[in-house]
Visitor: 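Pasting a structure here, questions to come.
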Amino acid sequence: MEKIIEENKQGESLVLEQKPQNTKKLFIESYGCAMNFSDSEIVASILAENGFNTTQILEEADLVLVNTCSIRDKAEQTVRKRLEKYNAVKREVNPKMKVGVLGCMAERLKDKFLEEEKIVDLVVGPDAYKDLPNLLRVVESGRDAINVILSKEETYGDISPVRLMSNGVSALVSITRGCDNMCTFCVVPFTRGRERSREPQSIMKEIQDLWDNGFKEITLLGQNVDSYLWYGSGLKKDFEKASNMQKATAVDFDQLLEMVAVGFPKMRVRFSTSNPQDMHLSVLEVIAKHDNICNHIHLPVQSGSNRILKEMNRLHTREEYMTLIDNIKRVIPDCSITQDMIAGFPTETEEDHQDTLSLMEYVKYSFGYMYAYSERPGTLAGRKMDDDVTEPTKLRRLQEIVDLQRQHSAIRTSEFVGKTVEVLIEKESKKSDQDWSGRNSQSITVVFPKEHYNIGEFVNVEIMSCTSGTLIGKAIGHSDMN
Ligand code: SF4
Ligand code: F3S
């Protein structure tokens, strides 16, 4: 240990022990959802304590980690391609490089990964990242290492993430892990385990650290944020067994959201993802009450057909979803609503598909994430249902959904023309180095000339025109949020 001497505010000399400088280089890349990106920041933090600094240069890495997604076959193929690339670098440039696979694909394939991909030295599932230092010692000794044990407790609440690729303005803060919903098409309950919530004080502390470091926006993250519940333990399924005292003092999502909004009034608060059956009127009221909670709800529905929703084991009907939409529009009139949609789920007929289109017409989403059904091994749909909608039909239906969404996005963005919106400046516009890019409360991208404004500032922007996905305007001054 090296010793360094510092003075405190009272002028007293303090002797601090400093950890040896990190000497090894970690190259980490992430695929899939925000949860994976957030987890990679936890991994970087764990490894920073164990001698690794991150690098953006693959060729110089001592350790390469890829945080993987299993949601669709295409996502897995992308990772396989990246492994080929690492293999080439290891062969031609850096023979000592070690390669590890993290995340959902690691959890799904387990030791098969080590058999199928010779380049892989290390396989670690989403709940086992604290074991990485031990696993790396095994790898250093020349053996392959694996830990894919799912936990009922782990939330990484005690780890301060290293903000990778951060713009220094917005950050992800994970509040729940896992999912108990068992939608029949979805691999997540198998790769992420049981749903558990993180202790509220550790969430508040992480946000305080972000605020102290100049961050202006956080996204509370989980597979199912609306079912957040802390009662002294985080495991949702055991709540019924909790004592009366624990039940009386439990913190649910409405309360957590309010705690964050009140505790950090100059910080913007977003959250994702919501599940229709868990989102209640009370959370809408909290959003409406606090200006710093953004007016955007990502509300995946996957299909507009009651029959398909049932086949998917989605725990709500089309009518219940529409009632929720009505409530959102009533309680938060300028709220943007966005979707996830699957085209061509097993047994989907033309009529079911038309139900999806008509639901879209009803809601007129601001934007969405739309995919053709991809069968996932191990899921109920994968085991019990025939993937019987032909590929051309799936693709044609998907195109119709995408085209309709494009029309609705254009309608939604055009509603802002002539209005003034508050924007948090996040980065330079991709199209011009003369313009800033940020988002309004509804999560729609806004670009405008830089003038004297800076990244991390809230500005009021008058919207002059738009495309289907972007608002174009001119800043007219700082907003009250600064
Ligand atoms: Fe998957 Fe359904 Fe859970 Fe979402 S709610 S993560 S789709 S099982
Ligand atoms: Fe993919 Fe796992 Fe997220 S399957 S979408 S990375 S939870």
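Ligands are counted one by one from 1 in listed order, and the atoms in each one are counted from 1 as well. The chain is numbered in sequence order, starting from 1. Everything quoted here is computed from the prediction, not taken from an experiment.
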Visitor: Can N275 and Q223 be said to form a side-chain hydrogen bond (donor to acceptor under 3.5 Å, both in side chains), step by step?
Guide: CA-CA 8 Å; N275 258 293; Q223 253 79 42; over 6 Å; no
Visitor: By the side-chain hydrogen bond (donor to acceptor under 3.5 Å, both in side chains) test, which pairs, at least two apart or in different chains, include something from residues 176-189?
Guide: D39-R177, D180-R194
Visitor: Taking salt bridge (charged side-chain N to carboxylate O under 4.0 Å, His left out) as the test, write out the residues that go with K329, two or more places apart.
Guide: none
Visitor: Show your working on side-chain contact (heavy atoms from CB on, under 4.5 Å) between M341 and Q302 and close with a plain yes or no.
Guide: CA-CA 4 Å; M341 219 58 96; Q302 314 294 3; 5.5 Å; no
Visitor: V188 heavy atoms, cut-off 4.0 Å: which ligand 2 atoms fall inside?
Guide: 7 (S)
Visitor: Numbering the atoms of ligand 2 from 1, which are under 4.0 Å from a heavy atom of C104?
Guide: 2 (Fe), 4 (S), 6 (S), 7 (S)
Visitor: For ligand 2, which atoms, with element, lie under 4.0 Å from some heavy atom of Q223?
Guide: 7 (S)
Visitor: Under a 4.0 Å N-O cut-off, is there an ion pair linking K205 with D209?
Guide: yes
Visitor: Quick one: is the NZ or CZ of R196 closer than 6.0 Å to the six-membered ring centre of F239, and within 45° of its axis?
Guide: no
Visitor: Do NZ/NE/NH1/NH2 and the carboxylate oxygens of R192 and E107 come within less than 4.0 Å?
Guide: no
Visitor: Do E140 and R137 meet the salt-bridge criterion of a basic N to acidic O distance under 4.0 Å?
Guide: no
Visitor: Apply side chain to side chain donor-acceptor pair (under 3.5 Å) to Q277 and list each qualifying residue two or more places apart in sequence or on a separate chain.
Guide: none
Visitor: For C69, take its heavy atoms, then give the atoms of ligand 2 lying under 4.0 Å from any of them.
Guide: 1 (Fe), 4 (S), 5 (S), 6 (S)
Visitor: Just to confirm my output: which protein heavy-atom neighbour is closest to atom 4 (S) of ligand 2, and how far is it?
Guide: S70 N, 3.3 Å
Visitor: Who are the residue neighbours of ligand 1 when the rule is a heavy atom under 4.0 Å from any of its atoms?
Guide: C179, N181, M182, C183, F185, C186, V188, P189, Q223, N275, R314
Visitor: Give me the ring orientation class for H296 and F367: parallel if the planes are under 30° apart, tilted from 30 to 60°, perpendicular past 60°.
Guide: tilted
Visitor: Heavy atom under 4.0 Å from ligand 2: found in M35's side chain, backbone, both, or neither?
Guide: neither
Visitor: For atom 6 (S) of ligand 2, what's the nearest protein heavy atom and its distance?
Guide: N36 ND2, 3.4 Å
Visitor: So if I count the atoms of ligand 2 from 1 in the order they appear, which ones are less than 4.0 Å from some heavy atom of C33?
Guide: 3 (Fe), 5 (S), 6 (S), 7 (S)
